[in-house]
Amino acid sequence: MELRYKSTRDSELRVSASEAILKGLAPDGGLFVPEKMPVLDVPAEALKDMTYQETAYAVMKQFLTDFTEEELKDCISGAYDSKFDTEEIAPLVKVGETYFLELFHGATIAFKDMALSILPHLMTAAAKKNHVEDEIVILTATSGDTGKAALAGFADVEGTRIIVFYPKNGVSPVQELQMTTQKGSNVDVVAIHGNFDDAQSGVKAIFEDRQLAEELGEKGYQFSSANSINIGRLVPQVVYYVYAYAKLLANEEIENGEEINVVVPTGNFGNILAAYYAKQMGLPIGKLICASNENKVLFDFFRTGTYDRNREFVLTSSPSMDILVSSNLERLIYLITGEDSGKTKELMEGLKGNGSYSITEEMTAKLGDFEAGFATEEETRDCIRSIYQETGYVTDTHTAVAAHVCGQYRGKSGDSGKCVVVSTASPYKFAKSVMTAIDGKYKTEEDLALLEELRAVSGIEMPQAVKDLLNAEALHTLECDSKQMQNMVKSLLNM
């Protein structure tokens, strides 16, 4: 039976999975969600013997029901191959009493590879299935990692163009280099004068401009997104939670049916929402622990029931989480309203107009699966250093935020359940922040100068993605004000 997708702001709108992937964002500005949550139909005993690719098929076939078995398996095999430096794709590493799910073994050494390696395959298959003749323009805002992963995924993919906007001075030097050196005849990268929220709001405004959509259609273009607002980004992220549980079972770390807790460093709420979807499918997850940095808008939301972006924007050492408008939270809001699209739209309009909204007590009562915590910059540094000193394991800044919150949760709750910390990036992406946390003597060094030192300290071979940067030429130098993003898009598309 085909699973259809509806908009969080209009429950009457129904599209197929492939149509939702192609559109990215619903015409009314809402996000596509499945009309009902599918159930994982493979027993855990069978899952534990599956490869990552087999697990991906078992999960994704439940969501993407208008893809044939052959189409979906072709997408999976094309995505999870030698681009990853480990056969496991997503290794689970035990460090002390905590399990780190390493999601940074792909081509751009960040967790976004897990979904953005497959999204171009899903999108091109969807375009053929829906007889799309227009060129698909992928429009993406990034806080650091999505941009490079999307650029790498869509570079020279026939029938597509990709334009990435990132905040100037709001990403790490390695992240910026990864984007500005990206090759491909169909790629453009633009630095905006503003923060990630400005970039994300600008992209959403472009999507919602009906007149612009008509102009694009006349020129033979249509927009789609590679951000996690696209259901084709979110669904592949569900897979690695199922895989992690299966590996714990296979390694006899847990009993069948035993609940685990997951701790996710999150800014845009997509990664932890994927864990929530996994739980809704039937995966035995106890608590979903949302870890924030000093931009703790999500922590405050779970604590108070009020989402308020009216606060100082803080540039931190975990820039991929420097976000004050968490787009994917809308999908959770829709669920806790009882799938009331009118109420969801009202709350989202409040956020857009006033920068805040508050949920009801009834809605708050439906958030019992979630816990939240945050780490200051000092706590993040201390966590990197203490994990290294005690175990020799080196984490990046985002993972350290989650590891700190994990310890914080255990201490306050007394919960002794197994915890999986989602490790979202290689320490090589944030070499200076990591090395300075380990030893303050590195404060005066530049990021790239510390790469070899990091290799010596961590014992981890420098990823090819980093080696390729050392002598790469910057190919993209465009900049614009956040209010000029639409004009920049028109210019790049020769409109």
Side-chain angles (χ1 to χ4, degrees), residues 20-25 75 78-80 83-84 103-104 106-127 135-167 170-172 174-192 196 199-200 202-204 206-207 221-237 267-268 270-271 274 319-320 323 327-328 424-425 429 465 468-469 475-476 478 485 488-489 492-493:
I21 289 169
L22 285 171
K23 291 176 184 295
L25 195 68
C75 289
Y80 305 115
K83 290 190 293 293
F84 289 81
L103 302 179
F104 52 77
T108 75
I109 58 174
F111 83 102
K112 304 297 173 77
D113 288 322
M114 303 300 294
L116 283 165
S117 291
I118 194 169
L119 183 59
H121 297 280
L122 293 173
M123 198 166 281
T124 51
E135 188 167 33
I136 299 169
V137 179
I138 309 297
L139 201 60
T140 296
T142 184
S143 56
D145 289 333
T146 287
K148 172 58 181 179
L151 289 163
F154 282 95
D156 294 322
V157 171
E158 190 176 345
T160 68
R161 287 280 301 271
I162 179 163
I163 303 170
V164 168
F165 291 97
Y166 75 93
V171 300
S172 80
V174 169
Q175 286 175 314
E176 184 169 41
L177 266 178
Q178 284 187 305
M179 289 186 281
T180 58
T181 60
Q182 176 66 51
K183 296 177 181 177
S185 60
N186 65 333
V187 305
D188 288 289
V189 180
V190 184
I192 69 151
F196 169 74
Q200 181 166 252
V203 165
K204 278 193 165 185
I206 292 170
F207 269 101
Y221 297 119
Q222 71 175 66
F223 282 138
S224 190
S225 173
N227 283 93
S228 52
I229 55 175
N230 192 318
I231 198 71
R233 258 282 305 274
L234 189 61
V235 167
Q237 292 181 265
N268 220 17
N271 206 357
S320 297
I323 295 171
S327 283
N328 269 290
T424 53
K429 265 204 160 174
D468 291 344
L469 288 180
L475 304 173
H476 305 280
L478 289 175
M485 288 169 60
M488 177 62 74
V489 169
L492 290 170
L493 297 178

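- Taken to the nearest 0.5 Å, the CG atom of Leu122 stands 11.5 Å off from the CD1 atom of Ile231.
- The side-chain heavy atoms of Pro236 and Tyr80, taken from C-beta on, include a pair separated by under 4.5 Å.
- Note that the OG1 atom of Thr140 and the CZ atom of Arg233 stand 8.5 Å from one another [nearest 0.5 Å].
- Contact between Leu119 and Ala226 at its shortest, heavy atoms only, is CD2-CA, 3.7 Å.
- The shortest non-hydrogen separation linking Leu22 to Ser224 is O-OG, 2.8 Å.
- Taking CG of Leu151 as the start and CD1 of Ile138 as the end, the distance is 11.0 Å to the nearest 0.5 Å.
- Scanning both residues, Asp145 and Ala425, for their nearest heavy atoms gives OD2-CB, 4.5 Å.
- Two residues are said to be in side-chain contact when any heavy atoms from C-beta on lie closer than 4.5 Å; Lys112 and Thr142 fail this criterion.
- In the displayed structure, Lys204 atom NZ is contacted under 6.0 Å by more than 12 heavy atoms of other residues, nucleotides or ligands.
- Side chains of Asn227 and Thr146: no donor on one and acceptor on the other come within 3.5 Å.
- Of all heavy-atom pairs between Thr160 and Glu135, the closest is O-OE2, 3.7 Å.
- A 4.5 Å side-chain heavy-atom check between Lys23 and Phe207 finds every atom pair outside the cut-off.
- The minimum heavy-atom distance linking Asn268 with Ser228 is given by the pair ND2-OG, 4.0 Å.
- Counting heavy atoms from C-beta outward, Met123 and Asn230 have side chains that approach closer than 4.5 Å.
- Note that CG of Leu177 is 11.5 Å distant from NZ of Lys429, once rounded to the nearest 0.5 Å.
- Exactly one residue among Ile206, Ile162, Ile163 makes a side chain to side chain contact (heavy atoms under 4.5 Å, CB included) with Val137. That residue is Ile163.
- Here the side chains of Gln175 and Lys148 are not in contact, with every heavy-atom distance at 4.5 Å or above.
- In this structure, Arg161 pairs ionically with Asp188, as a charged nitrogen and a carboxylate oxygen lie closer than 4.0 Å.
- A side-chain donor-acceptor contact under 3.5 Å links Asp113 and Thr108.
- Atom-to-atom distance recorded for Asn328:CG and Ile229:CD1 is 8.5 Å, nearest 0.5 angstrom.
- Between the CD atom in Gln178 and the OH atom in Tyr166 there is a gap of 12.0 Å [rounded to 0.5 Å].
- Residues Leu492 and Leu478 are in side-chain contact: their nearest non-hydrogen atoms beyond the backbone lie under 4.5 Å apart.
- Counting only heavy atoms from C-beta outward, the side chains of Phe165 and Val489 approach each other to under 4.5 Å.
- Under the 4.5 Å side-chain criterion, counting only non-hydrogen atoms from C-beta, Leu25 is not in contact with Ser225.
- Side-chain atoms of Asp156 never come within 3.5 Å of backbone atoms of Gly184 as a donor-acceptor pair (strictly under, hydrogens ignored).
- Taking every heavy atom of both residues into account, Ala79 and Ser117 meet most closely at CB-O, 3.4 Å.
- Using modelled atom types, no side-chain atom of Lys183 and backbone atom of Ala155 make a donor-acceptor pair closer than 3.5 Å.
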